[in-house]
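Notes follow the structure.
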Amino acid sequence: MATIFNSNVCIEFLLDVPATLSKPSKKWHSAFAKIYCSRTLLSLAKNATATNKYNRASRSLSYTCVNIEPLAENKSFRINQRNLNELVKETNLNQLQEFGGTPGVVSALETDISGGIIGNEEDIARRQDAFGSNTYRKTPTKSFFHFVVETFKDLTILILLGCASLSLGFVIKEHGLKGGWYDGGCIFVAVFLVVAVSAVSSFRENRQFDKLSKVGNNIQIEVIRKGRRQQISIYEIVVGDVICLKIGDQIPADGLFLEGHSLQVDESSMTRESNHVEVNRSQNPFLFSGTKVVDGYACMLATSVGMNTTWGQMMSQISRDTSGETQLKARLNKLTSSIRKVVLAVAFLVLVVLLVHYFKRNTTDENRNREFNGCNTKNDAVLRIVATSVNIVVGAVPKGLSLAVTLTFAYSIKRMMSGQAMVRKLSACEMMASATIICTDKTGTLTLNHMEVTKFWLGKEPAIEGVDSSISPWVVELIQQGVALNTTGSVYKTSSGLENEFSGSPTEKAILSWAVQELNMNMEELKQSCKILEVEVFSPIKKRSGVLMRKNVDNTIHVHWKGAAEMILAMCSSYYDASGIKNQLDDHEREKFEQIIQGMAASSLRCIAFAHKQVSEEENDDVDDLKKLDEDNLSLLGLAGIKNPCRPEAKKAVEDCQSAGVNIKMVTGDSVFTAKAIATECGILRLNQDLSSGAVVEGEEFRNYSHEERMEKVERICVMARSSPLDKLLMLQCLKLKGHVVAVVGDDAPTLKEADIGLSMGIQGTEAAKESSDIVILDDNFSSVATVLGWGRCVYTIIQIFIQFQLTVNIAALVINFVAAVSAGEVPLSAFQLLWVNLIMYTLGVLSISTKQPTCRELMNKPPVGRTEPLITNNMSRNILAQAMYQIVVLLTLQFRGESIFGFNEKVKDTMVFNIFVLCQVFNEFKTRKFEGENVSEWICKNKLFLGIIGIAVVVQVSIVEFLNKFANTERLSWGQWSSCIGIAAVSWPIGSQVVRCIL
């Protein structure tokens, strides 16, 4: 036993795992301990067997000498994950009561309802070890091999591989391996390079979208830790966290309701039922990850995170599809399909003509032996005919359009991300080029969203600084109650006690800051001195919020309202003055208050009113009436004017959009006067535009129009004030019926989903709005919207540029090879040479063109692209035909008359045809990059990447002609011949830009 005891002590020492070790280190430590224990016990067993070899010992009772398993993960908590899952997932109220209700679970998880968890590194690590992290397993992303296989499915690639295989087999058989592998081998190499480039591009695009998806899913959540509200990543949520929820939030974990009011949750993502579920403390305290808050506010206790939630298990089985076909891709695929059909028809025609020509004229060989007897021909001759047809397909079928779209989207999305715009749907990039109207909110996008109370009116007089000293204490107490209790924000005092931190919406933070600094409000004391009975959460439709509370001192019940000044004023029948005297609010007095409100609104101030009413003793005794807040005969406490200055860059961004032919409409919930002042300052509204001109309208007025009136007036409207989300949606629908492409900037999920392009706000936007949008503006700045507009037009322009470039190559190659094949029985451009043009000119051409960046001078001074406008415009058709005709005439002349004109042999002639064809595409890249005829010399030196890509193409072309003669079937050229090639190709530049422009 002494030996066992000593071993046991040693083993217990091994099992003492330090808490600071990482998970992998703990697993290695545990594995080592198990191996050590097993070997020790085996050694003891052998010793015991040797000692008692001839003695038969009775079997002893089994017991655990040493437990080599690590401590249970939930050992440090009084509740484990299985119990938590049974509570929430099975919505088991009885079991919840056995644990002592929600307070019992809070205690078991070592958290605090008002203060949250400790939240230091050790506490977070302990909770993650016990209950897991708030992440879920993802389906594996598509591998590089997947994209290689997809590329090999292309019909042209398969035809080339078949032709290359036949060529290798027949030519090697006839000429031997040393001289017969060039034709087929070079095709294999070229196909390999094309496949590699395409697969790498698609693979990188897929990885980029995975990164963007991670950024988009990294939601910021408000939690309470160490008694302080703070924003953390959704991935940092742990079991025991107290999470603050408001309208529009996505619930980040499974949990229990702690406190709140009027909380309703949309569980359709889990149950597929559209009915909203009410969550409260007594009947239904269960909350589920992935659902959304549609009304009310609350604090919840996180009980399960990550893979321990139903939502996490669902999301781990879903793969994000980033290969969705956008409208532009669909149009390009349709164009490519049409061209492919024409090319295949031409290639088949050439094949038939050459086979008939061959069978009619070549029926005997050089020894006058018959080559064709109805069923037998020379394989090499027929193979050359088939190769000729394949060459036509290779040269004329566009293979770079899909790659152009892929690289353009990838580059543009990356640059837009650095410009504070995160693209969630690819279709939004191209649709922004067609946008004709942008409907935007005011707060946060056009304004700084840094709000401050700058004016306060008590009665009919403005309050001076040091408000609390000049106002009746009774009125000050009522205002403090109305601010502290009727809010979703909070005040946190730092450890020093000298500074306060405010949380909530910008409006809430401004009011709380003003009340603390000017009224000496102590929010915590006020909350403890009163009990909240009922809450009406702020509604964008009613534009107000209210609270019903009972004072602990005298048991009296009071109603407090806060909201838009004119809305609250309409509910009041009296008002308090500075001395605390209540005065009747007759029509004459009401008119004076309306003038005060209009005056503050005209100064670009958001006017917020506070009102109060004490519930009578008769109403106090009626418990049922306490469920509904009194809205009549209130007493006006005061008017607060909140300043929200315009962003300095907003006016410039609005002007850029207007110069681009995009009309800006501001839709806001503020009063007409505030909305008009802000719109005029931002340049949306001119000084001579007002209500009488139809440029400014209220939401209710627009809503009450008949359908015909709305359709007639909607385009003239520049500002819609006092609007609800339904008014904004109604305006959007009318604009779309008028044929406009509408982009909406805001926080209304239904409107964002209905819009052609929905742009949500990354800072102040709700998760419901972000999920419904196509693009997230990360900095909430309207200048970023103007940047998105520029990039949208840039994407569309780049695709048009590449279409022009590629169709020029395709048409020239098709006509040249067709004419040469039909007339001479052979083509001047081999399969390898055409594949080289596809690989280098398409790939490098796409890279050089897709890196074009938007500038206001180029793109923002043009009208929007029509929704149904064709991809190939008249200017593009003119340039394509001019360039293609020049190349066709020059190269066919060189093909049939080159030997007699220049006096060189056939090999040099074929090389010069190939060389001039490639160099024409080089000069065509310069032309198409500025295809509307702008001055190239202004930007050519600034585009180092473009010049570098062109330089690579030229160097490789020189190497093919001068050094890869056998491989590419070319002949070395003299300096004079190179000069002729460059000179002939250079002429194509002015042909497309100056000569054709003058003629047409």
Side-chain angles (χ1 to χ4, degrees), residues 155-167 169-171 174 183-184 186-187 336-366 368-399 807-835 837-838 881 884-885 887-900 906-907 909-910 913-914 917 969:
L155 178 62
T156 307
I157 297 296
L158 296 176
I159 293 174
L160 286 171
L161 290 175
C163 184
S165 302
L166 292 174
S167 176
F170 292 134
V171 178
E174 183 175 349
D183 290 341
C186 69
I187 295 176
T336 303
S337 177
S338 300
I339 295 174
R340 181 181 286 115
K341 291 177 182 177
V342 173
V343 171
L344 289 175
V346 172
F348 180 76
L349 178 62
V350 170
L351 178 64
V352 172
V353 169
L354 291 182
L355 286 175
V356 171
H357 181 75
Y358 175 76
F359 290 149
K360 289 179 64 176
R361 299 182 56 188
N362 298 282
T363 57
T364 60
D365 59 15
E366 59 275 8
R368 296 190 177 276
N369 296 320
R370 291 181 61 85
E371 289 186 314
F372 173 63
N373 58 10
C375 59
N376 295 319
T377 63
K378 277 196 173 180
N379 293 326
D380 188 33
V382 175
L383 181 62
R384 283 197 299 270
I385 293 174
V386 174
T388 300
S389 301
V390 171
N391 286 356
I392 293 175
V393 176
V394 172
V397 173
K399 293 169 283 298
L807 290 186
T808 301
V809 179
N810 295 144
I811 292 173
L814 177 64
V815 175
I816 291 169
N817 278 348
F818 175 75
V819 173
V822 172
S823 59
E826 59 183 12
V827 292
L829 299 172
S830 66
F832 171 79
Q833 292 170 349
L834 290 172
L835 282 173
V837 174
N838 276 288
L881 292 176
M885 287 302 298
Q887 294 179 27
I888 290 168
V889 171
V890 169
L891 295 179
L892 286 179
T893 301
L894 194 62
Q895 171 70 15
F896 294 109
R897 294 289 184 266
E899 296 181 32
S900 59
E906 184 177 357
K907 195 76 170 179
K909 177 205 68 177
D910 291 341
V913 169
F914 167 57
F917 183 69
N969 196 25

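Here the structure is a predicted model, which is why all the values come from computation and not from measurement. Positions are given from 1, in the same order as the sequence printed here.
- Between V822 and L349, every side-chain heavy-atom pair lies at or beyond the 4.5 Å cut-off.
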Are Q887 and T808 close enough, and set up right, to give a side-chain contact (heavy atoms from CB on, under 4.5 Å), and what steps lead you there?
CA-CA 9 Å; Q887 294 179 27; T808 301; 3.8 Å; yes

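- Taking CD from Q895 and CD1 from I888, the interatomic distance works out to 13.5 Å, rounded to the nearest 0.5 Å.
- For the atom pair CD (E899) and CG (L894), the distance works out to 9.5 Å, reported to the nearest 0.5 Å.
- P828 has its side chain out of reach of F917: every pair of non-hydrogen atoms, C-beta onward, lies at least 4.5 Å apart.
- Remark: L814 CG to L807 CG distance equals 11.5 Å, nearest 0.5 Å.
- At a threshold of 4.5 Å between non-hydrogen side-chain atoms, the residues F348 and V352 count as touching.
- Distance check: I816 CD1 to I811 CD1 gives 11.5 Å after rounding to the nearest 0.5 Å.
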